[in-house]
Protein chains: 2
Amino acid sequence: MPRAGLDPAAVVAAGAALADEVGLANLTMGLLAERLGVRTPSLYKHVGGQEDLNRRIATLALGEAADAIGGAVQGYAGRDALAAAARAFRAFVLEHPGRYGATIGVEPHGPDDPLAVAGRRSLGAFRAVLRGYDIAEPDVDHALRMLRSLCHGFATLQAANGFQWSADIDESFEWLISFADRGLRAM
Amino acid sequence: MPRAGLDPAAVVAAGAALADEVGLANLTMGLLAERLGVRTPSLYKHVGGQEDLNRRIATLALGEAADAIGGAVQGYAGRDALAAAARAFRAFVLEHPGRYGATIGVEPHGPDDPLAVAGRRSLGAFRAVLRGYDIAEPDVDHALRMLRSLCHGFATLQAANGFQWSADIDESFEWLISFADRGLRAM
DNA sequence: TCCCCATGGCTAATGTTGTTAGCTAAAAGC
DNA sequence: GCTTTTAGCTAACAACATTAGCCATGGGGA
């Protein structure tokens, strides 16, 4: 019985990668165990179960998304920052649909939940973009929600193949960035 | 053995209602059968299985959404139409989170799939709103995708309790409608 | 160096859920 | 009234998540 040398982080990382490959809905404990060269019940030594695994994948994903967006925005402001953030977000969702899907519908257990921390961090990356615009304080929260809805909606619709008809999707996304930029500058 | 008098439509309607009650993830064939006063395997006389049931619920939901939005828009144009459509859409998602959730990630099997027909119909309701603005033809598809992303993103984020912090959510949504209206009028 | 014990792996077993097979009685058509 | 279709049933099976309980590994202390 040679040891596999697993730990929670390795299990979560493999779970996230597998979710991206086969889709979150097809991520099964048995499949993940097989991928890790281990029998299914062994996973329970590292994660609490499927719900806990999903939570941890979501936390990982939100942290990675925050890094990706934050990194992309570095050195830019205004329209350039907005475009960089939006593109980085969409790229992340399209490259990692499984782990991003894990973030939908999970709620933090409290303000100290790592999930909540990662969520605030990724929100902060978007909030930084808004500092490049001249937005009155009471409007900032609304603008943030608008940006988030726009990016989340577009990326998830595309990931789910929700855009059926002809027009080019990349072009639509660039159009959408311009639309948001014009609106924010006009405030 | 008295007959229950079921048919596919009744099963799908009950499934949609149950999904709204307990959440799509908790919609189980056994629970639905119990709700209908029937044993689980009997459901398979009316629907092909869980995937088929989900598809049919999605089709129902898209049709209902199209009706709700189309009805709300009647007699309005421009900003009023946009606001009516957006509010009707969000109300539908919040009142029927289960059946709306069923629409996410399902793909039509072809252009004649009832799912595709219902999808085009609900899209048409949004497209009608855009006719009240002066938008150049090549921009219409992009604007449509923008509207859809905005409404879908906002409604699903709210349904998943994705908006944590303080600001009032209804107020944010109204703000978002104004934002979109200003942007569309400025084209 | 040797022992010990915490721990990560295993097998076996259980409960839940989706699904199929095959039977039977109720309805519907002639 | 007889036949045919069919909607319901029971029984059974397969996949999956999870728990219980066993045992070997391997690191830390005597």
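Every chain is numbered from 1, with letters handed out A, B, ... down the list of sequences.
Residues B:His96 and B:Tyr100 place their aromatic rings such that the two centres sit no closer than 6.0 Å.
Rounded to an integer number of Å, the gap from B:Leu27 CG to C:dG18 C1' is 12 Å. In this structure, CG of A:Leu32 is placed 13 Å from P of D:dC16, rounded to the nearest angstrom. Taking atom CG on B:Asp7 and atom C1' on C:dA26, their separation rounds to 17 Å, with Å as the unit. Atom CG in A:Leu31 sits about 14 Å away from atom C1' in D:dA17, given to the nearest Å. As a whole-Å value, the separation of B:Leu6 CG from D:dC9 P is 9 Å. With rounding to whole Å, A:Leu53 atom CG is found 14 Å from D:dT18 atom C1'. Atom CE in B:Met29 sits roughly 20 Å away from atom P in D:dA14 (whole-Å rounding).
One finds the CG atom of A:Leu82 at 4.0 Å from the OH atom of A:Tyr133 (value rounded to the nearest 0.5 Å). Distance check: B:Phe163 CZ to B:Asn161 CG gives 10.0 Å after rounding to the nearest 0.5 Å.
Scanning for side-chain contact (heavy atoms from CB on, under 4.5 Å) contacts around A:Ala14 gives A:Leu32, A:Leu36, with sequence neighbours left out.
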Practice problem: Please lay out, stage by stage, how B:Ile169 and A:Arg145 fare under the test side chain to side chain contact (heavy atoms under 4.5 Å, CB included). | Solution: CA-CA 9 Å; B:Ile169 293 184; A:Arg145 284 176 173 168; 3.9 Å; yes
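A heavy atom closer than 4.0 Å to some atom of DNA chain C occurs in A:Val38, A:Arg39, A:Pro41, A:Ser42, A:Lys45, A:His46, these being the qualifying members of residues 37-48 of chain A.
Looking at A:Arg99, its side chain never comes within 3.5 Å of a backbone N or O of A:Ala19 through a donor-acceptor pair. Not a single donor-acceptor pair under 3.5 Å links the side chain of A:Arg56 to the backbone N or O of A:Pro8. Using modelled atom types, no side-chain atom of A:Asp80 and backbone atom of A:Tyr76 make a donor-acceptor pair closer than 3.5 Å.
Contact annotation: A:Thr28 reaches the phosphate of D:dA17 (side-chain N/O to OP1 or OP2, under 4.0 Å).
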Check: protein-nucleotides 3-6 of chain D nitrogen or oxygen pairs below 3.5 Å:
residue	atom	partner	partner atom	Å
D:dT6	O2	B:Arg3	NH2	3.0

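Considering every non-hydrogen atom in both A:Ala88 and A:Ile69, the closest pair reads CB-CA, 4.1 Å.
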